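For reference, the structure is listed below as structure tokens.
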There are 2 protein chains.
Amino acid sequence: MSLPHAILTALLEKPSSGLELTRRFDKSIGYFWSATHQQIYRELGKLESEGYIRALPSEQPARGQKKSYEVLPAGRAELARWTAASQDPKPLRDTMLLRLRASAVVGTAGVEADLRRHLALHQRQLAEYEGIQERDFPPDKDTPQDRLRHLVLRAGIDLETFWTQWLAHALEEFERLPAPEPE
Amino acid sequence: MSLPHAILTALLEKPSSGLELTRRFDKSIGYFWSATHQQIYRELGKLESEGYIRALPSEQPARGQKKSYEVLPAGRAELARWTAASQDPKPLRDTMLLRLRASAVVGTAGVEADLRRHLALHQRQLAEYEGIQERDFPPDKDTPQDRLRHLVLRAGIDLETFWTQWLAHALEEFERLPAPEPE
DNA sequence: AGCAACATGTAATGGGTTACATGATTCG
DNA sequence: CGAATCATGTAACCCATTACATGTTGCT
């Protein structure tokens with residue numbers, strides 16, 4: 001229920017076409033919301049038909065043609081309403097944790113290699129976020145908007161930090177574990 | 001694609017009926033995987049028809065009758081296969097982070113109250129996990145299985161710790177923010 | 001007998017994922 | 001002109017969520 005609001009936010013920050021949105025979701029928006037181009041195009045159509053956004057008039061609408069969108073007042077109002085509304089946090093669902101719990105019953109074969117791979121992935125992600133932090137949030141940029149966006153990036157950085165530390169700890173445990181399969 | 005494997009893991013740890021599984025998912029399994037009773041019943045039917053689990057023969061099958069399941073060898077093999085297979089981590093999707101980013105554009109009205117509410121929820125969750133840790137993982141319990149399960153619980157505890165700290169930090173930022181709506 | 005709690009389901013909806021389809025532009 | 005890339009979509013499937021339906025057990 002939040003993809004349309006993620007798109008409205010992105011379009012308010014900067015009017016974009018579908019593919020540009022996809023790239024921004026892969027890049028800087030990805031640390032709090034992810035989406036594929038199929039989701040985005042479907043949602044852009046829905047948002048347009050609901051009167052929340054409109055295509056910028058400059059471009060002609062054709063199949064392979066770039067089509068940029070901007071947010072209409074109704075879209076901004078809907079985003080403000082949704083942002084202010086109370087929402088419950090979603091319960092966790094993490095495959096790696098489940099696999100670890102399962103490996104206590106069916107054996108740890110194969111898991112350690114993937115723990116290492118995930119550690120490398122999270123370390124790379126962390127480094128990327130820290131790069132964004134240095135580039136986009138120097139100490140002198142300090143408007144309320146910057147502070148809020150930095151806060152969100154900080155969450156991404158802290159989460160990746162958590163994962164790298166937890167995965168490193170998990171690997172230490174694995175080295176202390178006896179070699180044969182349990183159960 | 002992991003709900004069936006979560007159920008297989010839970011059933012291997014202890015054969016259960018649908019409602020018992022639901023309670024265990026609410027309780028101790030919830031810190032790495034969540035599921036409702038509807039999902040569980042549907043999946044139990046599928047797992048049974050695939051030959052991964054079977055109903056314990058002692059009970060007669062009727063509508064309001066308790067029906068317990070146990071895992072068959074094929075189910076255990078499938079769980080072992082899935083656990084060992086390499087899987088990519090799923091990208092983050094967090095509504096609160098999105099709302100904060102949106103509030104940088106449409107104003108922060110209403111968000112602060114929900115930040116406080118979430119902080120309280122995460123603090124309660126953290127306290128609950130720490131209770132489980134004290135009850136279920138005393139220092140003398142130290143089999144490989146215990147270590148692996150403790151590792152998973154540790155992730156839940158550390159994640160809740162992260163959220164409480166980040167939310168507290170966010171609330172501090174809000175107090176430093178100028179009162180009027182940005183943009 | 002009536003009611004609450006237990007227990008197992010069905011149906012409808014909506015979002016996410018994967019695979020595929022199609023037109024336009026650019027570059028060799 | 002052919003291939004790669006850019007750009008916008010369509011279709012099918014699966015999973016999660018919500019609301020609803022139905023039978024059973026135990027208690028008063």
Side-chain angles (χ1 to χ4, degrees), chain A residues 1-8 11 15-27 29-30 32-50 53-56 58-69 82 87-95 98, chain B residues 1-8 11 15-27 29-30 32-50 53-56 58-69 82 87-95 98:
Chain A
M1 305 292 274
S2 338
L3 175 58
H5 303 99
I7 291 178
L8 287 173
L11 286 181
S16 306
S17 69
L19 196 62
E20 283 164 356
L21 277 177
T22 304
R23 296 218 174 95
R24 291 174 59 200
F25 271 81
D26 283 344
K27 222 187 46 170
I29 301 181
F32 57 91
W33 205 267
S34 74
T36 63
H37 80 274
Q38 291 91 337
Q39 287 176 274
I40 289 170
Y41 284 117
R42 194 194 321 147
E43 205 61 43
L44 282 173
K46 218 188 283 183
L47 286 168
E48 187 176 26
S49 78
E50 287 166 337
I53 63 175
R54 68 163 181 185
L56 287 182
S58 56
E59 340 261 353
Q60 69 280 41
R63 181 120 187 163
Q65 294 296 333
K66 195 150 87 170
K67 206 163 76 175
S68 285
Y69 292 91
W82 178 84
Q87 289 173 244
D88 285 335
K90 277 217 180 161
L92 184 60
R93 234 175 226 152
D94 186 274
T95 313
L98 172 56
Chain B
M1 301 296 274
S2 339
L3 174 58
H5 304 98
I7 291 178
L8 287 173
L11 286 181
S16 306
S17 68
L19 197 62
E20 283 164 354
L21 277 178
T22 305
R23 295 218 174 93
R24 293 173 58 201
F25 270 81
D26 283 344
K27 222 188 45 173
I29 301 181
F32 57 90
W33 205 266
S34 75
T36 64
H37 80 275
Q38 291 92 338
Q39 286 176 273
I40 289 171
Y41 283 118
R42 190 189 334 136
E43 204 63 41
L44 282 173
K46 216 187 285 183
L47 286 168
E48 188 176 26
S49 78
E50 287 166 336
I53 64 175
R54 67 163 182 185
L56 287 181
S58 56
E59 340 259 353
Q60 68 279 40
R63 180 122 187 160
Q65 294 295 334
K66 194 150 88 171
K67 207 164 74 175
S68 285
Y69 293 91
W82 178 84
Q87 290 174 244
D88 284 336
K90 277 217 183 163
L92 184 61
R93 237 175 224 152
D94 186 273
T95 312
L98 172 56

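The model shown is predicted, which means the values in this text are computed figures rather than measured ones. Naming convention: chains lettered A, B, ... in sequence-line order (proteins, then strands); numbering from 1 in each chain. All values below come from the heavy atoms of this structure, side chains included, with hydrogens, waters and symmetry mates left out.
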A:L3 CG to C:dG15 P, in whole Å, measures 9 Å
Nearest-Å distance for atom pair CZ/P, residues B:R93 and D:dC15 = 16 Å
Could you state the CH2-P distance from B:W33 to D:dT17, rounded to the nearest angstrom?
-> 10 Å
Report yes or no: does B:R93 contribute a side-chain atom to a donor-acceptor pair with the main-chain N or O of A:S34 at less than 3.5 Å?
-> yes
Calculate the interatomic distance between B:K90 atom NZ and D:dC15 atom P; express it in whole Å.
-> 10 Å
Check for a donor-acceptor pair, side chain of B:Q39 on one end and backbone N or O of B:T36 on the other, with a separation under 3.5 Å.
-> yes
Would you say A:E20's side chain and A:S17's backbone share a donor-acceptor pair under 3.5 angstrom?
-> yes
d(CD1, A:I40; P, C:dG16) in whole Å = 11 Å
For atom CD of B:E43 and atom P of C:dG9, their distance in whole Å | 14 Å
Sorted by chain and residue number, the side-chain contact (heavy atoms from CB on, under 4.5 Å) partners of A:A6 (sequence neighbours excluded) come out as A:F25, A:W33, B:L98
Is any side-chain heavy atom of B:S16 less than 4.5 Å from a side-chain heavy atom of B:L11?
-> yes
With a non-hydrogen cut-off below 4.0 angstrom, is B:K46 in contact with a base, only sugar-phosphate, or nothing?
-> sugar-phosphate
Interface polar pairs with nucleotides 18-20 of chain C, N/O, under 3.5 angstrom:
from, atom 1, to, atom 2, distance (Å)
C:dA19, N6, A:Q38, NE2, 2.9

With the side chain defined as heavy atoms from C-beta on, B:Y41 is closest, among C:dT8, D:dA16, C:dT17, to C:dT8
Grab the CD-P distance between A:Q39 and C:dG14 for me, whole Å please.
-> 16 Å
Contact summary for A:L3 and A:A35, nearest pair of heavy atoms | CD1-CB, 3.8 Å
B:L19 atom CG is separated from C:dG9 atom P, nearest whole Å, by 11 Å
What residues form a side-chain contact (heavy atoms from CB on, under 4.5 Å) with B:K90, not counting sequence neighbours?
-> none
The side chain of A:K67 lies closest to which of these nucleotides: C:dT17, D:dG9, C:dA7?
-> D:dG9
